[in-house]
4 protein chains.
Amino acid sequence: MPRKVDSAARRDMILGAAVRVFARQGFAATRVDDIAKEAGVAKGSVYLYFDSREALLTAAFEAYEAGSRTLIQQARTGTGDALERIASLVRSVVGMVSAEPELTRILVDLWAEGRRGDASPVDIAAVYRDHRAVIAELLAAAEAQGTLRAGVGEGHAAVVVGAIEGCLLQWIVDPALPITDLATPIVEVCVEGLRRRERV
Amino acid sequence: MPRKVDSAARRDMILGAAVRVFARQGFAATRVDDIAKEAGVAKGSVYLYFDSREALLTAAFEAYEAGSRTLIQQARTGTGDALERIASLVRSVVGMVSAEPELTRILVDLWAEGRRGDASPVDIAAVYRDHRAVIAELLAAAEAQGTLRAGVGEGHAAVVVGAIEGCLLQWIVDPALPITDLATPIVEVCVEGLRRRERV
Amino acid sequence: MPRKVDSAARRDMILGAAVRVFARQGFAATRVDDIAKEAGVAKGSVYLYFDSREALLTAAFEAYEAGSRTLIQQARTGTGDALERIASLVRSVVGMVSAEPELTRILVDLWAEGRRGDASPVDIAAVYRDHRAVIAELLAAAEAQGTLRAGVGEGHAAVVVGAIEGCLLQWIVDPALPITDLATPIVEVCVEGLRRRERV
Amino acid sequence: MPRKVDSAARRDMILGAAVRVFARQGFAATRVDDIAKEAGVAKGSVYLYFDSREALLTAAFEAYEAGSRTLIQQARTGTGDALERIASLVRSVVGMVSAEPELTRILVDLWAEGRRGDASPVDIAAVYRDHRAVIAELLAAAEAQGTLRAGVGEGHAAVVVGAIEGCLLQWIVDPALPITDLATPIVEVCVEGLRRRERV
DNA sequence: TATGAATGAGGATTCATTCAT
DNA sequence: AATGAATGAATCCTCATTCAT
């Protein structure tokens, strides 16, 4: 009779440990042994669930990407004032920091890994392309709703995404920065910076 | 004296080679041998000018930091409309991408390295602290000039810095993104998002 | 009793699988997992019947040795013209290739393993000592029968064994070689090379 | 000024050490560290001259092959009685055991490695194909000279090669076997087994 | 100063073997 | 008896750094 294990749960457990260690030390400085220790298993066991150290980062990316996709989906399926929906998306993304601080801290490793381009399975560029796409869609909707000021286009979507990610970046590099307090300023700058100026 | 000049030039030459290779392959994937080859010197010669592979990244950081400090200085010493000076700063930082693309592409490695906190000589957090500080100063000036809308504070400075760095990030990760075209949108979103709404 | 039979059959089944995989990939490149898969059992089950991976090779050797002993026995118990009995032995050994190709292909692993000398339970040297011994006995008989030419001794027995094994070797290394066609040439060279030259 | 080293000599020195260790322990049981120790260098230095542990075996094969080619060349360029030239070749090959005992003892590893077929750079099969080819040529010459008995063909060439290699094999597996004493018996059996029977 | 051969610590990965179920 | 998850020792190879010339 084989030992009973929930293979998926085990995998998740190890991945969770890996993410914690990556968040703490950075991917480059993380040894497979560190991960095994954090997970409370032997080094070899890590390889029962992941092909390589690299694969753990990729899996972390996939987890991040999945969360990201959910947020994007929500933004897409929402209704109502388009600029308000952008504001919600901003708050959701920033909210992820509290929900998943480790996964967020890994972002910098994903950027570094994803920069290699097609050579890497970490296609972080695609994630941001998607982000820009939703924002652009919402901006188009805002335009239709007449709430947008003139001359807003693709570039502005990149700026909104940039504002969010750039704030995450500052927090990653300096955890003392009160990232959760930034959601409102981001919304204010971005949404108000795009909203049509009311005539009196 | 001529010796010293030569020596400094040689150091710069090697550092330049290192930066190019870092930009191409990323710090983690860069071997000291790659740098030596790019510089056209022997591996051992690299160590005549730098203590370690790590030191090359630190030196690159210092170069980046110096450039950054110059921009900050310019923003501080400037005069005139405060919001316009913010706009200039934004354009300057984005302009650095064209001027020094390699140094910019290295940013991601600096973020990764700098994240280690006090353990690392790459204090990238300080750079962004400084950036936020100037922006905050300029915002205060704008407030005094009456061009700022109400309720703007520290957080908004972080957003402006975030918008810039977040756009750089997107470009690093996806060089197809037309980063230079983003200067204007960034300015529009940030400056207009902060400017006081004119009454007619 | 039925248990015992089952057990022995199971052992043989696993050994057979091991031999097939060894023949295919070579001992060094064979994982216990490969053997388990070939046998259709779990990896752990292999260890219920064999102490170690090494033990499987040893068991294969024992099977080979048993077959070899049978042939030797037949050669010893035979009667009639001594040179003819040598010819028969040659044909029998070469015939084993068709009968047990996998076991034959493993020979090279047995040679490698057996070379370690006393440290190894694979005493392939003893097998060849035995082969040489029978051949020598038969040569002595031939001498008594007056069919042998003068000056034939121990060394010639080694040559006969060598001719056989050397042909197997060439086939192992190059399966395109039509090994079964070689039985007759081996017999011709060896037997005629030893037979007394008839006076007319 | 670079350290002066004769790179080729260094390579040969390390290869020599590797061959000695392979001969002693077998390829499978040889660690790169063992080779380094035998050569009196650090482990890493081995990799300055060889790509991998495997490459050392390949290089050993190439050395063996080169020697083999020389012998073949000599056999081809010789003149005189064809059967006598076969006898010389036999003696030369057997003589290699005294000249290069370690290289000879490695043969079994080359056989094991070479058995993998096209996947391996150790094309030992080609070596034996060449050996058979020369022997076949010499047999054809003998036939033309009228010294050969009827019905001799390709297969007989394989037998001659087999007799030689099979004797080496017995020595490898059992160094107590007086291999040098076997040259004469091999010649007697093979040459006399192929020579035309004189009528009185 | 410059070189590049030499070093050896370090770390990812493999896989024979064990053992809880 | 059978399983296959878990283990961790073993080993290949890399590469930052040193140093003799």
Side-chain angles (χ1 to χ4, degrees), chain A residues 1-7 10-11 14 28-36 39-56, chain B residues 3 6-7 10 14 28-37 39-56, chain C residues 3 6-7 10 14 28-37 39-56, chain D residues 1-7 10-11 14 28-36 39-56:
Chain A
M1 249 143 287
R3 205 178 288 198
K4 178 92 105 268
V5 286
D6 183 338
S7 178
R10 213 95 223 294
R11 202 190 119 105
I14 291 172
T30 297
R31 309 289 138 242
V32 175
D33 230 349
D34 299 333
I35 297 169
V41 301
K43 187 163 34 168
S45 300
V46 172
Y47 287 91
L48 292 176
Y49 298 94
F50 296 90
D51 284 344
S52 66
R53 171 168 157 281
E54 187 83 26
L56 280 158
Chain B
R3 288 290 81 192
D6 280 0
S7 175
R10 218 156 161 66
I14 291 171
T30 297
R31 311 288 140 242
V32 174
D33 235 344
D34 299 333
I35 297 169
K37 228 157 263 164
V41 301
K43 183 160 49 160
S45 301
V46 172
Y47 285 87
L48 293 175
Y49 299 93
F50 296 90
D51 284 344
S52 67
R53 170 168 160 279
E54 189 79 29
L56 280 156
Chain C
R3 288 292 81 190
D6 279 359
S7 175
R10 216 155 164 67
I14 291 171
T30 296
R31 311 289 140 241
V32 175
D33 234 343
D34 299 333
I35 296 169
K37 227 157 264 164
V41 302
K43 183 160 48 160
S45 300
V46 172
Y47 286 87
L48 294 174
Y49 299 93
F50 296 90
D51 284 344
S52 67
R53 170 168 160 280
E54 188 79 31
L56 279 156
Chain D
M1 250 144 287
R3 204 179 287 200
K4 180 91 106 273
V5 285
D6 183 338
S7 178
R10 213 94 222 293
R11 201 189 120 104
I14 291 171
T30 297
R31 309 293 136 239
V32 174
D33 231 349
D34 299 334
I35 296 169
V41 301
K43 185 165 35 169
S45 300
V46 172
Y47 288 91
L48 292 176
Y49 299 93
F50 296 91
D51 284 343
S52 65
R53 171 169 157 279
E54 187 83 26
L56 280 157

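Chain naming here is simple, since letters A, B, ... match the order of the sequence lines and numbering starts at 1 in each.
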Practice task
With pairs defined as Watson-Crick or G-U wobble and both distances under 3.5 angstrom, please note down DNA chain E as a dot-bracket string, | for pairing with another strand.
Solution key: .||||||||||||||||||||
Practice task
Enumerate the residues from residues 40-47 of chain C whose closest heavy atom to DNA chain F is under 4.0 Å, giving them by residue number; use none for an empty result.
Solution key: C/Val41, C/Ala42, C/Lys43, C/Gly44, C/Ser45
Handout entry: Nearest-Å distance for atom pair CD1/P, residues B/Ile14 and E/dT3
Key = 9 Å
Practice task
Check whether any side-chain N or O of B/Arg10 sits under 4.0 Å from OP1 or OP2 of E/dT1, and answer yes or no.
Solution key: no
Exercise for the section: Give one of base, sugar-phosphate or nothing for A/Ser52, where a contact means two heavy atoms less than 4.0 Å apart. Expected result: sugar-phosphate
Exercise for the section: May I ask you to evaluate whether A/Arg31 reaches the phosphate of E/dG10, defined as a side-chain N or O under 4.0 Å from OP1 or OP2? Expected result: no
Exercise for the section: Would you mind telling me which of E/dT7, F/dA16, E/dT1 lies closest to the side-chain atoms of D/Leu48? Expected result: E/dT7
Practice task
Rounded to the nearest angstrom, tell me the gap between atom CD1 in B/Ile35 and atom P in F/dT17.
Solution key: 10 Å
Problem - Gap between atom CZ of A/Arg11 and atom CG of A/Leu48 - 0.5 Å precision - result: 12.5 Å
Practice task
Could you check how far CZ of A/Phe50 sits from C1' of E/dT14, rounded to whole Å?
Solution key: 18 Å
Exercise for the section: Look at the side chain of C/Tyr49 and decide which nucleotide, out of F/dA16, F/dA2, E/dA5, has an atom nearest to it. Expected result: F/dA2
Exercise for the section: Report the distance from atom CG of C/Asp33 to atom C1' of E/dT17, rounded to the nearest whole Å. Expected result: 12 Å
Exercise for the section: Starting from C1' on F/dG4, measure out to CG on A/Asp6 and report it in whole angstrom. Expected result: 16 Å
Exercise for the section: Please round to the nearest 0.5 Å and tell me the distance separating atom NZ of B/Lys43 and atom CZ of B/Arg31. Expected result: 11.0 Å
Handout entry: Length of the CG-P vector between A/Asp51 and E/dC15, whole Å
Key = 14 Å
Fill in the blank from the handout: Heavy-atom closest pair (C/Ala29 atom, C/Asp34 atom, distance to 0.1 Å) is O-OD2, 4.0 Å
Practice task
Starting from P on F/dT3, measure out to NZ on C/Lys37 and report it in whole angstrom.
Solution key: 14 Å
Exercise for the section: Nearest whole angstrom, please: distance from the C1' of E/dT14 to the CZ of C/Arg53. Expected result: 12 Å
Output side-chain donor-acceptor pairs under 3.5 Å for residues 49-56 of chain B, partner residues at least two apart or in another chain, one line each.
residue	atom	partner	partner atom	Å
B/Ser52	OG	B/Glu54	N	3.4
B/Ser52	OG	B/Ala55	N	3.0
B/Arg53	NE	B/Thr30	O	3.0
B/Arg53	NH2	B/Phe27	O	2.9

Exercise for the section: Could you say whether C/Val32 or A/Val32 is positioned toward the 5' end of DNA chain E, judged by the nucleotide with the nearest heavy atom to each? Expected result: A/Val32
Exercise for the section: Could you tell me which non-hydrogen atom of B/Ile14 sits nearest to which non-hydrogen atom of B/Ile35, and how far apart they are? Expected result: O-CG2, 4.2 Å
